[in-house]
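These numbers were taken from a predicted model, which means no experiment stands behind them. Every heavy atom of this structure was used, including side-chain atoms; hydrogens, water molecules and symmetry mates were not. Start at 1 and go down the list; that is how both ligands and their atoms are numbered.
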Amino acid sequence: MESPRRLLIVDDEYGIRLSLRGILEDEGHEVFEAGDAETALSFLEKESVDLVFLDIWLPGMDGLAALEIMRATRPSMPVLMISGHGTIETAVNAVKKGAHDFIEKPLSLEKVVLAVERALEFQALKQENTELRARLDMRDIGGPMGTSPVMVQLREQISRVAPLDTCVLITGENGTGKELAARALHHAGRRSGKAMVAVNCAAIPDELIESELFGHEKGAFTGADGPRAGKFELAHQGTLFLDEIGDMSLKTQAKILRILQEKSFERVGGSKTLRADVRVIAATNKNLEAAMASGEFREDLYYRLRVFPLHVPPLRERGDDVFLLADYFTASLAEELGLAPVSFAADASGALRSYLWPGNVRELRNFIERMLILYPGRTITFADLPPEITTGAAPAVEHTATGAAGDFKSARNAFEAAFLAQKLQEYGGNISRMAEAVGLERSYLSRKLKTYNLHGG
Ligand SMILES: Nc1ncnc2c1ncn2[C@@H]1O[C@H](COP(=O)(O)OP(=O)(O)OP(=O)(O)O)[C@@H](O)[C@H]1O
Ligand SMILES: [Mg+2]
């Protein structure tokens with residue numbers, strides 16, 4: 001049998017609600033009721049349900065008008081119209097407008113159960129389809145997303161918002177993968193067959209931004225010796241990726257805002273009005289709230305861009321994903337560079353897990369590339385690691401025990417290495433003070449430090 005679902009009945013007739021509720025509850029579903037469209041819509045603003053039964057004739061707003069709003073606000077929620085004698089034609093119309101199906105009064109047990117089953121099955125298939133497509137496209141964009149909770153959540157958000165034309169604002173530190181997230185959004189969306197055009201807002205001088213974005217006609221300014229299409233035109237029916245949006249001048253911000261509001265523009269020096277059918281994705285590593293507070297970023301533009309905010313978390317918050325990414329880069333870069341892959345000993349793995357990776361995924365990628373060049377085909381130990389990774393980090397000790405792969409002994413070694421590195425840093429390399437603080441004999445501690453190639457100062 002189906003797993004229990006949340007269903008909403010919208011009908012002004014008490015008798016219909018009562019009999020429907022009876023049937024649905026017997027099937028194990030959780031049932032909510034509304035006597036009119038307004039009540040139903042305000043309920044749906046706060047709660048989500050898996051299926052709606054919607055009567056066509058209702059006091060106040062009618063079923064068709066309510067359907068339209070539900071389609072707009074909850075596009076994936078199936079709606080079953082309830083139709084009486086005089087409203088079959090309307091019901092057929094409703095299906096054309098996006099209702100999943102309709103059932104005719106009088107409602108029989110069989111009719112209702114079958115209709116619910118079909119609607120939910122259809123819904124599940126559609127969901128599965130979207131997820132599958134999103135997952136496939138993730139692979140296409142070149143790299144694993146990760147399995148840490150923060151990344152699973154990010155992936156979920158991406159597949160949820162990708163099929164819509166909603167404007168997305170991606171935030172995150174340097175090198176976390178903001179551009180990658182933008183590409184994933186584009187590829188999992190309806191516009192994937194069209195272009196994704198990227199504009200680096202920080203790199204374009206003010207006086208050129210207009211012609212860069214909108215294009216220009218021949219002779220529009222000195223140097224414009226031929227007509228040229230701008231980024232908005234090139235991205236028509238596709239996606240426009242506005243990167244480094246936090247680095248735009250106020251003047252440029254005003255221009256961008258105008259086009260986002262009006263959805264039309266003219267080429268510089270041109271008179272024809274062109275329409276911009278683009279989905280906008282913006283990204284920044286700046287704190288836009290702070291920039292707004294100091295008057296460096298327009299509030300109206302901020303709210304227009306941030307319809308759906310996506311945050312790409314720093315690598316240090318992604319737990320074991322660091323290993324997943326390290327493996328991925330090891331394999332892909334080894335092949336690209338024609339070098340034998342490297343592997344990491346447990347103590348080295350522990351350090352990779354503890355290191356804070358201020359440059360995030362990009363830094364990890366560059367680090368792996370360096371290791372491949374220096375130690376092709378080798379197992380890299382703690383001693384081989386560059387100093388910024390072994391000592392420049394404040395290791396997150398509580399994480400390292402789970403961070404090391406494999407057997408107990410390697411896990412313990414990894415933990416010890418990370419713990420000692422952190423303490424060594426904390427006590428500025430003073431082994432006597434450190435020994436006292438951690439409760440070890442100084443000579444024993446010295447030997448330990450030597451094992452892990454850690455040096456006091
Ligand atoms: N999940 C991932 N899988 C594989 N590679 C990744 C992943 N995330 C990021 N990268 C790689 O890391 C590098 C940085 O990613 P990207 O350019 O998307 O980051 P960014 O946040 O836009 O950086 P910046 O702030 O510098 O603009 C790229 O080489 C990208 O391919
Ligand atoms: Mg970027």
Side-chain angles (χ1 to χ4, degrees), residues 134-159 161-162 167-189 196-204 231 235 239-248 256 280-288 290-291 297 305-306 308-337 341 352-353 355-373 389:
R135 213 170 313 146
L136 284 178
D137 287 332
M138 280 321 165
R139 241 182 354 208
D140 286 347
I141 60 160
M145 284 288 285
T147 55
S148 59
V150 280
M151 291 309 275
V152 168
Q153 197 194 353
L154 177 67
R155 194 200 330 253
E156 266 171 26
Q157 289 173 330
I158 288 178
S159 39
V161 73
C167 188
V168 178
L169 176 63
I170 306 173
T171 55
E173 293 175 12
N174 274 327
T176 45
K178 295 185 292 299
E179 182 160 352
L180 217 67
R183 293 196 182 280
L185 277 169
H186 174 73
H187 281 290
M196 169 164 148
V197 176
V199 186
N200 185 338
C201 301
I204 306 168
K231 301 285 190 188
T239 303
L240 185 68
F241 177 47
L242 298 175
D243 203 2
E244 317 288 0
I245 196 104
D247 297 283
M248 289 186 305
I256 300 257
V280 173
I281 300 176
T284 183
N285 54 19
K286 292 268 157 65
N287 179 341
L288 291 186
F297 202 85
L305 293 172
R306 208 192 81 114
F308 194 97
L310 267 188
H311 180 67
V312 184
L315 185 55
R316 64 181 172 279
E317 286 173 14
R318 302 189 202 171
D320 284 349
D321 283 358
V322 65
F323 299 129
L324 194 80
L325 285 164
D327 283 351
Y328 168 75
F329 289 133
T330 305
S332 57
L333 290 173
E335 192 181 315
E336 196 182 311
L337 302 171
L352 299 191
R353 180 67 153 68
Y355 180 53
L356 295 180
W357 300 104
N360 292 297
V361 185
R362 180 177 295 113
E363 184 183 3
L364 176 63
R365 188 184 186 281
N366 294 343
F367 161 77
I368 298 282
E369 184 166 346
R370 190 146 46 109
M371 292 297 106
L372 281 165
I373 295 168
I389 289 187

**Message:** Considering N200, D321, D243, L180 one by one, which has a heavy atom nearer to atom 8 (N) of ligand 1 than any of the others?
**Reply:** L180
**ligand 1 versus N360: contacting region, heavy-atom distance under 4.0 Å** = neither
**Asked** Is any N or O atom of K178, backbone or side chain, closer than 3.5 Å to an N or O atom of ligand 1?
**Response** yes
**Request:** Using a strict 4.0 Å cut-off to heavy atoms of E244, name the atoms of ligand 1 that fall inside it.
**Result:** 27 (O)
**Request:** May I ask you to check whether N174 has an N/O atom sitting below 3.5 Å from an N/O atom of ligand 1?
**Result:** yes
**Asked** Under 3.5 Å, N or O to N or O, is V361 touching ligand 1 that way?
**Response** no
**Prompt:** Is the backbone N or O of I170 less than 3.5 Å from a side-chain atom of K178, with the two atoms forming a donor-acceptor pair by type?
**Reply:** no
**Message:** I'd like to know if the side chain of R318 reaches the main chain of P313, judged simply by a donor and an acceptor atom lying under 3.5 Å from each other, with no hydrogens or angles considered.
**Reply:** yes
**Message:** Tell me whether M151 reaches ligand 1 (any heavy atom closer than 4.0 angstrom to a ligand atom).
**Reply:** no
**Request:** Could you tell me whether L325 and ligand 1 have an N or O pair separated by under 3.5 Å?
**Result:** no
**Message:** Y328 versus ligand 1: do any nitrogen or oxygen atoms come within less than 3.5 Å of each other?
**Reply:** no
**Request:** Give a yes or no answer on whether the side chain of R155 reaches the backbone of G146 with a donor-acceptor pair at less than 3.5 Å.
**Result:** yes
**Message:** Using a 3.5 Å distance criterion without hydrogens, assess whether the side chain of W357 forms a donor-acceptor pair with backbone atoms of P314.
**Reply:** no
**Message:** Heavy-atom contact check, 4.0 Å cutoff: does G172 meet ligand 1?
**Reply:** no
**Asked** Would you find a donor on one side and an acceptor on the other, under 3.5 Å apart, between the side chain of D321 and the backbone of S148?
**Response** yes
**Request:** Return a yes/no value for F329: is any of its N or O atoms, backbone included, closer than 3.5 angstrom to an N or O of ligand 1?
**Result:** no
**Request:** Write down the atom of A282, the atom of F241, and the distance for their closest heavy-atom approach.
**Result:** C-CE1, 4.3 Å
**Item:** Nearest-0.5 Å distance, CZ of residue F323 to CZ of residue R353
**Value:** 6.0 Å
**Message:** List ligand 1 atoms under 4.0 Å from R365, heavy atoms only on the residue side.
**Reply:** 29 (O)
**Request:** Answer yes or no: is there a donor N or O on one side and an acceptor on the other, between the side chain of N360 and the main chain of R362, under 3.5 Å?
**Result:** no
